[in-house]
Amino acid sequence: MSQREAVVILDFGSQYSQLIARRVRELEVYCELIPYNAPAEQITRLNPLGFILSGGPASVYAKDAPHLPDVVLNSDKPVLGICYGMQLLTYHLGGKVDPGAEREYGPADIDIINADVPLFGRVEGRQLPVWMSHGDRVTELPAGFRPLAKSKNSPYAAIGHPERGLYGLQFHPEVTHTPQGKELLRAFLVDVCGCSGGWTAGNFIDESTAQVRAQVGSGQVVCGLSGGVDSSVVAALLHRAIGDQLTCIFVNTGLMRQDEPQQVVQTFEKEMHARLIAVDATEDFLGALAGVTDPEAKRKIIGEKFVRIFEAEARKLGQVDFLAQGTLYPDVIESASRDEQKVAAKIKTHHNVGGLPEDMHFQLVEPLRYLFKDEVRAVGEALGLPKEIVWRHPFPGPGLAVRLLGDITWERLETLRAADAIFIEELWASGWYHRTSQAFVVLLPVQSVGVMGDYRTYGNVAAIRAVTTDDFMTADWARLPADLLARVSNRIVNEVAGVTRVVYDISSKPPATIEWE
Ligand code: XMP
């Protein structure tokens with residue numbers, strides 16, 4: 001059983017469940033988000049100091065409504081039910097929940113009517129702006145519970161049984177639209193559950209170094225290095241844990257950005273000192289992609305090719321037992337809750353170059369599988385990785401292949417690389433690189449007429465794309481200043497042979513995706 005201080009968040013399907021976990025982690029308390037119907041052992045192994053029940057779309061009286069597992073009902077640990085979680089707690093402890101006369105959605109104010117409880121010990125004021133999103137509502141409290149706050153539409157906007165450490169909030173403390181939400185969560189974790197906090201990147205490194213050593217013993221580990229933050233952090237962490245038992249393999253697909261392959265190798269050698277095998281497979285990839293224009297076909301070819309090359313290199317190393325991967329917590333959560341419908345609605349096959357070759361018989365080492373992206377970055381910084389790696393925009397596994405619409409040829413790749421390098425350089429120079437989450441150039445498979453000097457030209461169209469996003473699930477186009485756009489456009493048309501027109505992509509996601517293919 002775990003000795004580490006932890007809280008369990010039970011997921012009842014709210015769109016905000018991951019956000020609760022991120023908030024709790026920001027408060028330096030380790031937590032895991034676990035599906036409400038997971039085996040009890042998955043919960044008890046963490047020896048949690050308390051439970052948070054997420055919201056969810058169901059109604060407690062609905063047939064097949066998610067229920068509160070016995071392991072929570074039989075525990076004497078504190079529980080915080082949020083929205084559906086509060087209704088569930090009420091229902092299971094003998095109170096009453098009814099359909100609300102109308103859905104309450106959006107901003108609301110709550111009046112605290114009973115401030116003298118630990119949950120409210122850290123908030124300021126008696127009236128709090130909050131974010132509501134619910135249909136049903138509690139109409140009768142279970143024995144021992146008191147109303148703690150009310151809103152215009154909810155007589156029980158917050159309820160509690162402070163002696164038992166049980167609380168319910170009809171609103172969402174995890175979203176930023178509830179400005180004092182973090183203080184409510186802090187009060188629950190620290191003052192109600194008794195957590196002492198202190199779960200930081202530094203602690204994580206010590207803990208996971210020990211875990212990796214215990215897992216691999218004296219075995220050999222390979223790790224695919226892409227140059228992105230996740231694989232770099234995995235490599236640095238593993239090198240710290242097991243030194244020369246780690247070999248990194250970097251495959252240059254020929255689909256990387258300007259100077260990127262050299263930079264990855266140089267940075268790696270300078271900063272990490274681990275064993276690295278760099279393979280230039282450009283010709284292999286370009287050969288396999290010749291004449292292929294369908295985006296899914298491109299992804300499939302690249303994914304398979306990568307696996308074969310990685311496998312061949314790993315074989316040369318002799319006996320290797322483990323494959324290290326940069327799987328992150330959102331991937332783990334996503335695959336745990338993936339149902340058939342979600343799989344059926346898949347929009348793109350995401351091939352993670354550097355991902356698991358499925359038919360290789362390695363055991364997996366996934367030291368980041370309980371971390372969110374921002375935590376991976378914090379770990380990267382704590383490990384001393386350079387800022388350019390830690391704060392790099394993500395780059396898709398299939399690389400420039402999905403930004404080169406139409407045929408993939410070396411010449412077109414070089415055009416794209418040159419245009420992309422100008423855009424990124426201008427973003428850095430203007431201080432906009434870190435104000436965008438991802439930015440790149442796409443080369444379109446159309447020709448357009450232009451005029452240069454006294455001559456008519458007929459050349460390529462380059463689209464520039466820059467987005468802001470927290471989670472890459474939704475995104476907005478970045479409002480880059482007009483003079484920056486003008487500079488980028490001018491430079492691309494003047495400096496990149498064959499490009500005569502530049503357009504700026506002003507689509508948000510949804511309905512567009514971030515990449516064009
Ligand atoms: P979309 O285009 O689906 O992209 O809005 C969301 C994020 O995922 C990245 N992306 C990929 N990453 N393999 C990857 O490893 C892929 O095949 C792939 N396709 C898109 C994209 O760059 C963005 O960050």
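Just so we're clear, the structure is a prediction, and the values are computed from it rather than from any experiment. Atoms within each ligand, like the ligands themselves, are counted from 1 in listed order.
Taking 4.0 Å as the cut-off between side-chain N and carboxylate O, Arg487 and Glu426 count as a salt-bridged pair.
Counting only N and O atoms by type, the side chains of Glu366 and Gln325 include a donor and acceptor under 3.5 Å apart.
For the pair Phe12/Tyr84, a side-chain contact is recorded, criterion being any heavy-atom separation below 4.5 Å from C-beta on. Residues Leu328 and Val332 form no side-chain contact, since every pair of their non-hydrogen atoms from C-beta on lies 4.5 Å or further apart.
Annotation: cation-pi geometry satisfied between Arg417 and Trp410 (NZ/CZ under 6.0 angstrom from ring centroid, within 45° of ring axis).
Annotation for ligand 1: atoms under 4.0 Å from non-hydrogen atoms of Thr513 are 1 (P), 2 (O), 5 (O). Counting the atoms of ligand 1 from 1 in the order shown, those under 4.0 Å from a heavy atom of Pro398 are 13 (N), 16 (C), 17 (O).
Evaluated by nearest non-hydrogen atom to atom 14 (C) of ligand 1, the leading choice among Ala475, Ala401, Gly397 is Gly397. With atom 5 (O) of ligand 1 as the reference point, the heavy atom nearest to it among Lys509, His393, Arg299, Arg403 is part of Lys509.
Close N/O approach between Phe472 and ligand 1 is not found [any backbone or side-chain N/O within under 3.5 Å].
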